[in-house]
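Taking it in order: structure first as structure tokens, then the write-up.
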Amino acid sequence: MNILELKSVEKSFDGNQVLKDISLSVKEGEILSIIGPSGSGKSTLLRCATMLETMDRGELSYLGKRAAWMTEDGREVYAGKKDLKEIQSQYGLVFQNFNLFPHYSVMKNITDAPIRVQKRDWKEVFEEARELLRKMGLEDKEDAYPFQLSGGQCQRVAIARALALKPKILFFDEPTSALDPELTGEVLKVIRSLADLDIAMVIVTHEMAFARDISHRVIFMADGVIVEEGTPKQVFASDNERTKNFLGRYGQMLSMEG
């Protein structure tokens, strides 16, 4: 079953069309990477999918439930507050700049929303949070504050915070772009380790080798459209001129390996 469906999505800023008739779907447990040059619309697409931006046109659904759609008279409308709250509980989002609360400890950053928003039992939430911190290699950091952590540690806390809400799909918006190369490796390793949780993931990334290795499917975007989509092998060995130019040496690397 499709967890996420986007149909004919369009979005403009100040007369500049950033998304042009984009449609895509994500199945349960599927890992989809979105690659492409800066300014191609990747992050805007993610922001529309997670309702941080409103779409100008198009349809958005989670598990068959419509979050946004076009009316017959051509207006874009969103579901009511109650339905949106239920829909928003299906996904988590990891930002490139972490967005942790600076005045909360690591533990409070992770447990606050499950307890306060989802009204779950605090003992159970704390137990799960400690397990998540173990998975992130941060079991000794629960009382630390974000300013005491490296960028890579902050991003791993942000991932744990998103997972604590038990989403069915996780969105990553260039999760390593604010990190130096050494820290990038540790965050990518953690994201790889999530594959065994069977959570669907949509990853906007500039890390081509990572996208190739982890994804079930890759989408290449340029100039607000999906130029190509397919398995990593199909996309990285593509004959499409635009795709080949962007991928450069990664396409050669894949053909050498495969």
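Quick caveat, the model's predicted, so the values are computed rather than measured.
- In terms of modelled atom types and a separation under 3.5 Å, the side chain of Q153 and the main chain of S150 share a donor-acceptor contact.
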Can you check side-chain hydrogen bond (donor to acceptor under 3.5 Å, both in side chains) on E228 and S238, steps first, answer last? CA-CA 9 Å; E228 195 157 4; S238 169; 2.8 Å; yes
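- Here the closest non-hydrogen pair linking S215 and V218 is CB-CG2, 3.9 Å.
- One hydrophobic cluster, built from ILVMFWY side chains closer than 4.5 Å, holds both I203 and L163.
- Looking at heavy atoms from C-beta onward, V77 lies in side-chain contact with W69 at the 4.5 angstrom threshold.
- Atom CD1 in I34 sits 6.0 Å away from atom CG in L24 (nearest 0.5 Å).
- Taking every heavy atom of both residues into account, G64 and M1 meet most closely at N-CE, 4.2 Å.
- Across all their heavy atoms, K166 and E128 have their closest contact at NZ-OE2, 3.1 Å.
- Residue V235 is not grouped with residue V204 when hydrophobic side chains (ILVMFWY) are merged at heavy-atom distances under 4.5 angstrom, including chains of intermediate members.
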Test N99 against N97 for side-chain contact (heavy atoms from CB on, under 4.5 Å), laying out the working first. CA-CA 6 Å; N99 286 24; N97 294 320; 4.2 Å; yes
Do L63 and I87 pass the side-chain contact (heavy atoms from CB on, under 4.5 Å) test, and can you show the C-alpha distance, the side-chain angles, and the key distance before you say yes or no? CA-CA 9 Å; L63 291 169; I87 288 165; over 6 Å; no
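- A 4.5 Å side-chain heavy-atom check between D21 and V225 finds every atom pair outside the cut-off.
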One pair to check against side-chain contact (heavy atoms from CB on, under 4.5 Å): L133 and D140. What are the steps and the verdict? CA-CA 8 Å; L133 284 172; D140 58 339; over 6 Å; no
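- Atom CG of D73 is surrounded by more than 12 heavy atoms from other residues, nucleotides or ligands within 6.0 Å.
- Considering only heavy atoms from C-beta on, Y91 stays 4.5 Å or farther from L170 through its side chain.
- To the nearest 0.5 Å, the span separating CD on Q155 from CZ on R161 amounts to 9.5 Å.
- In this structure the side chain of P175 reaches within 4.5 angstrom of the side chain of I191, judged on heavy atoms.
- Using modelled atom types, no side-chain atom of N2 and backbone atom of L4 make a donor-acceptor pair closer than 3.5 Å.
- The environment of R217 atom CZ is dense: over 12 non-hydrogen atoms of other residues, nucleotides or ligands sit within 6.0 angstrom.
- If you chain together hydrophobic residues whose side chains sit under 4.5 Å apart, L197 and I214 fall into the same group.
- Inter-residue side-chain proximity for V187 and I159 is flagged as met; some heavy-atom pair is nearer than 4.5 Å.
- Proximity of a side-chain donor or acceptor of K65 to a complementary backbone N or O of L84 within less than 3.5 Å is not detected.
- With no hydrogens or angles considered, no side-chain donor-acceptor pair links S25 and E5 at under 3.5 Å.
- Here OG1 of T184 is found 5.5 Å from CD of E207. Values are rounded to the nearest 0.5 Å.
- Residue K168 qualifies as open at atom NZ: its count of foreign heavy atoms under 6.0 Å is 12 or below.
- Follow the hydrophobic side-chain contacts under 4.5 Å out from L132 and you reach F98 in the same cluster.
- Looking at Q118, its side chain never comes within 3.5 Å of a backbone N or O of R120 through a donor-acceptor pair.
- R156 places none of its side-chain heavy atoms less than 4.5 Å from the side chain of K135.
- Closest non-hydrogen pair, A160 versus M136, comes out as CB-CG, 4.0 Å.
- Counting heavy atoms from C-beta outward, E10 and L19 have side chains that stay 4.5 Å or more apart.
- Checking side-chain atoms of Q234 against main-chain N and O of T231 turns up a donor-acceptor pair under 3.5 Å.
- Using a distance-only test at 3.5 Å, with no hydrogens or angles considered, a donor-acceptor pair links the side chain of Q148 to the main chain of Y145.
- With hydrogens and angles ignored, the 3.5 Å screen pairs a side-chain donor or acceptor of H216 with a backbone N or O of I31.
- Atom CD of E131 is separated from atom CD of E139 by 9.5 Å, given to the nearest 0.5 angstrom.
- Checking side-chain atoms of K42 against main-chain N and O of P37 turns up a donor-acceptor pair under 3.5 Å.
- Within the 3.5 Å criterion, the main-chain N or O of L179 finds no donor-acceptor partner in the side chain of T176.
- Atom-to-atom distance recorded for I115:CD1 and W122:CH2 is 8.0 Å, nearest 0.5 angstrom.
- Distance check, rounded to the nearest 0.5 Å: OG1 of T50 to OH of Y62 gives 6.5 Å.
- One N or O on the side chain of K11 and one on the backbone of T54 form a donor-acceptor pair closer than 3.5 Å.
- Salt-bridge formation is detected for the pair R192/D213: a Lys NZ or Arg NE/NH1/NH2 atom is positioned less than 4.0 Å from an Asp or Glu carboxylate oxygen.
- You'll find the side chain of H206 reaches within 4.5 Å of the side chain of S38, heavy atoms only.
- Nearest heavy-atom pair across K27 and E30 is N-OE1, 2.9 Å.
- Closest approach of M107 to A129, counting heavy atoms only: SD-CB, 3.6 Å.
- In this pair, Y104 and F101 present their aromatic rings tilted. The plane angle is within the 30 to 60° band.
- F95 and F171 fall within the same hydrophobic cluster, defined by Ile, Leu, Val, Met, Phe, Trp and Tyr side-chain heavy atoms under 4.5 Å apart, directly or through other members.
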Give the intermediate values and the outcome of side-chain contact (heavy atoms from CB on, under 4.5 Å) for residues T243 and V227. CA-CA 8 Å; T243 312; V227 175; 4.0 Å; yes
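- M70 pairs in a side chain to side chain contact (heavy atoms under 4.5 Å, CB included) with only one of the listed residues (R57, M55, R75), which is R57.
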Given the rule in the side-chain hydrogen bond (donor to acceptor under 3.5 Å, both in side chains) test, do S105 and D143 qualify, once you have shown the distances and angles that lead to the verdict? CA-CA 5 Å; S105 68; D143 297 323; 5.5 Å; no
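- For the ring-ring contact (aromatic ring centres under 6.0 Å, His included) test, no residue two or more places apart in sequence or in another chain qualifies with Y78.
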